[in-house]
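Take a look at the structure set out below.
The figures here come from the full heavy-atom set of this structure, side chains too, leaving out hydrogens, waters and symmetry mates. We're numbering straight along the sequence, starting at 1.
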Amino acid sequence: MDDMKIPFLDLSRQSRNLKGPLMEAMGRVVNRGIYFAGPETEAFEHGFQNLFGSEFQVVSTGSGTDALLASLIALGLAPGDEVIVPANAWVSCAESVIRAGGVPVFCSADPITMVAGPKEIEPCLTKKTAGVLLVHLYGQFAPAPEVRKLCRKNGLWLIEDCAQALLTKSGATMAGATGDVGIFSFYPTKILGALGNAGAVITRDPGLAEKITRIRNHGRLSDSDHDQPGFNGRMDEIQAAFLNEKLEYLNGWIERKQEIVRFYSDHLGGISAKMLLVPSVEDGAGHTFHQYVIQTEIRDQLQNFLKEKGVQTAIHYPCLIPDLPSMKNHFFSKGDWEPSRNWHNNILSLPSFPELTDDELKHIVAMISAFYRIK
């Protein structure tokens, strides 16, 4: 056990397990010679729609970022319009707003759930606010219904970023089902990951779905009807084929994730909350745990100790978006996101990919427990 090497994430384990189906999927695409907008993409959009219901339209995209950018443009974001974005999210949230001509306004997040709600968003509203980008961070369900009410009251649109929260629910409400659009990423590290980049948008609005479809395909539906400027944001047919093979395993992977989470929480929950805070787990599967993120004031010491013991960890994310050099002079600061910086320095993501073995889990919690006994 002492010489065990545990990666934070090992995508090759899943790929080896699915090598046969994935190779068959690649063969189907190669044999057809259709690489965009073919039967695999159509099948994936239909299969993804089945996860949410027939009332939703699905538009496949080349990445989660493409999904977000196309949605912002389709919703009519105008130059100088402000979009409220959690400061502790991934940089593409703000990048996409800037690329679409808008101005990100950063808000804080709840220090326990790490997601933003009306309390954090409302103080950031101004006359220039066009909409809200709500992020279901780490797989934690953000309070979308409450934020939707705030948006309607103020005449704003709502985008749900579900890149880390596929099939996350709060009661009967699915992440992505409340806003004007829900955007998804199938980056390889996600619970449903392609073997490259891919993404999707869901919406109940057929007109909005058509706009997004046009925008992610150079502004057209057919060969010559370029209705508006767009960009190349289509899903590759081969990525759709890979995703079609993986869809049937999705629920099993989520169930395994929940087993890992329960193991962590059961074995680490006994450590004093003053020393280590484990993520809260709500009844009703309000969290699908794309990442299992703990908080500790001695984060760097714990991370170094685990590295010495063969356990690789990660930090999601090393700094807040407004602290990034690329964001300088590109945002308007109205919200108080300083509290997010304080707890952001304490977060640490533990390995939680579905192929993690029970022996590896036991080693991880044993090493963390040993660290706190020393301390």
Q.
Tell me whether D180 is salt-bridged to R148, with the criterion being a basic N under 4.0 Å from an acidic carboxylate O.
A. yes
Q) According to a 4.5 Å side-chain heavy-atom criterion applied to Ile, Leu, Val, Met, Phe, Trp and Tyr, with indirect links allowed, do I98 and L72 form part of one hydrophobic cluster? A) yes
Q) Have S12 and R16 got a donor and an acceptor in their side chains that come within less than 3.5 Å? A) yes
Q. Rounded to the nearest 0.5 Å, how far does OG1 of T178 lie from CD of E160?
A. 4.5 Å
Q: May I have the step-by-step check of side-chain contact (heavy atoms from CB on, under 4.5 Å) for S96 and T65, ending in yes or no?
A: CA-CA 7 Å; S96 298; T65 302; 3.6 Å; yes
Q: Apply the test side-chain contact (heavy atoms from CB on, under 4.5 Å) to residues V132 and V147: give CA-CA distance (whole Å), side-chain angles for both, the deciding distance (0.1 Å), then the verdict.
A: CA-CA 9 Å; V132 174; V147 173; 4.2 Å; yes
Q: Would you please say whether a donor-acceptor pair under 3.5 Å links the side chains of T41 and E237?
A: yes
Q) With a 4.5 Å limit on heavy-atom distance, are the side chains of L268 and L350 in contact? A) yes
(Q) Restricting to non-hydrogen atoms, name the atom on Q239 and the atom on L195 that form the minimum distance, rounded to 0.1 Å. (A) OE1-N, 2.9 Å
Q. Is a side-chain donor or acceptor of T61 paired with a backbone partner of G199 at a separation under 3.5 angstrom?
A. yes
Q) Can you check whether F44's main-chain N or O pairs, donor with acceptor, with N244's side chain at less than 3.5 Å? A) yes
**Q.** Salt-bridge present (E259, R256; N to O < 4.0 Å)
**A.** yes
Q) Below 4.5 Å, heavy atoms only, C-beta onward: do P206 and E210 meet side chain to side chain? A) no
Q | Donor + acceptor pair across side chains of T313, Q303 (<3.5 Å) | A | yes
Q | Inter-residue atom distance L51.CG - H46.NE2, 0.5 Å rounding | A | 10.5 Å
Q | Gap between atom CD1 of I212 and atom OG of S71 - 0.5 Å precision | A | 4.0 Å
Q) Just how far is it from atom NE2 of H363 to atom CG of L356, taken to the nearest 0.5 Å? A) 11.0 Å
Q: Evaluate the side-chain contact (heavy atoms from CB on, under 4.5 Å) criterion for residues T126 and K128: first the C-alpha distance (whole Å), next the side-chain angles of each, then the deciding distance (0.1 Å), finally the verdict.
A: CA-CA 5 Å; T126 74; K128 294 183 178 180; 3.7 Å; yes
Q) Do L137 and V135 have side chains that get closer than 4.5 Å, going by heavy atoms? A) yes
Q) Any side-chain heavy-atom pair from V201 and S60 closer than 4.5 angstrom? A) no
(Q) With heavy-atom distances below 4.5 Å as the criterion, would you say the side chains of F353 and K257 are in contact? (A) no
Q: Could you tell me whether the side chain of H267 and the main chain of F263 form a donor-acceptor pair under 3.5 Å?
A: yes
Q. So, do N88 and Y317 sit near enough that their side-chain heavy atoms are less than 4.5 Å apart?
A. no
Q.
So P279 and F289, do their side chains get closer than 4.5 Å, heavy atoms only?
A. yes
Q | Side-chain H-bond candidate by donor/acceptor type, Q291 with S352, under 3.5 Å | A | no
Q) What residues form a salt bridge (Lys or Arg N to Asp or Glu O under 4.0 Å) with E40, not counting sequence neighbours? A) R28, R32
Q) Between the main-chain N or O of A177 and the side-chain N or O of R204, is there a donor-acceptor pair closer than 3.5 Å? A) yes
Q | R341 with D323: basic N within carboxylate O range, under 4.0 Å | A | yes
Q.
Please verify the inter-ring angle class for H136 with F141; under 30° counts as parallel, over 60° as perpendicular, anything in between as tilted.
A. tilted
Q: Identify whether M114 and F106 are in the same connected component of the hydrophobic contact network (ILVMFWY, side-chain heavy atoms under 4.5 Å).
A: yes
Q | Donor on one side chain, acceptor on other, T288 and T168, under 3.5 Å | A | yes
Q.
Please determine whether residues L277 and V261 belong to a single hydrophobic cluster, defined as Ile, Leu, Val, Met, Phe, Trp and Tyr linked transitively by side-chain heavy-atom distances below 4.5 Å.
A. no
Q. Hey, what's the ring geometry for H316 with Y138, parallel, tilted or perpendicular (30° and 60° as the breaks)?
A. perpendicular
Q. Do the side chains of F36 and I34 join up, straight or via other hydrophobic residues, at under 4.5 Å, putting them in one cluster?
A. no
Q: Compute whether any side-chain donor of one residue and acceptor of the other, for S108 and E120, lie under 3.5 angstrom apart.
A: no
(Q) Within the 4.5 Å heavy-atom criterion, are K309 and I364 side-chain neighbours or not? (A) no
Q | Straight-line distance of D236 CG to F242 CZ, nearest 0.5 Å | A | 10.0 Å
Q) What's the shortest heavy-atom distance between T129 and L156, and which atoms? A) O-CD2, 3.1 Å
Q.
Would the distance check show the side chain of R13 and the main-chain N or O of E355 forming a donor-acceptor pair, the cut-off being under 3.5 Å?
A. yes
Q.
Could you check whether Y372 and F305 have their ring centres less than 6.0 Å apart?
A. no
Q | Any donor-acceptor N/O pair, R299 side chain to I347 backbone, under 3.5 Å | A | yes
(Q) Atom CD of residue position Q228 - does it have more than 12 heavy atoms of other residues, nucleotides or ligands inside 6.0 Å? (A) yes
Q: Over all heavy atoms of both residues, which pair between P351 and Q312 is shortest? Give the atoms and the distance, please.
A: CG-O, 3.3 Å
Q | Closest non-hydrogen atom pair between C151 and L158, with its separation | A | SG-CB, 4.0 Å
Q: Using the side-chain contact (heavy atoms from CB on, under 4.5 Å) rule, take Q164 and I191 through it: C-alpha gap first, then chi angles, then the decisive distance, then the call.
A: CA-CA 8 Å; Q164 301 180 7; I191 189 67; over 6 Å; no
Q: Assert yes or no for the condition that the ring centre distance of F48 to F184 is strictly below 6.0 Å.
A: yes
Q.
Check this for me: F231, atom CZ, are more than 12 non-hydrogen atoms of other residues, nucleotides or ligands nearer than 6.0 Å?
A. yes
Q.
Any side-chain to backbone donor/acceptor pair from N217 onto T213? Under 3.5 Å, distance only.
A. no
Q) Closest approach of V97 and P104, non-hydrogen atoms and distance? A) CG1-N, 3.7 Å
Q.
To check you understand the geometry: which heavy-atom pair defines the closest contact between L77 and A100, and what is its length?
A. CD2-CB, 3.7 Å
Q. Are M235 and L69 grouped together when hydrophobic residues (ILVMFWY) are joined by side-chain heavy atoms under 4.5 angstrom apart?
A. no
Q. Are the side chain of S63 and the backbone N or O of D66 linked by a donor-acceptor pair below 3.5 Å?
A. yes
Q. Should we count CH2 of W90 as having more than 12 external heavy atoms under 6.0 Å?
A. no
Q) For residues T357 and E360, is any side-chain donor paired with an opposing acceptor at under 3.5 Å? A) yes
Q.
Distance check, rounded to the nearest 0.5 Å: E146 atom CD versus I121 atom CD1?
A. 10.5 Å
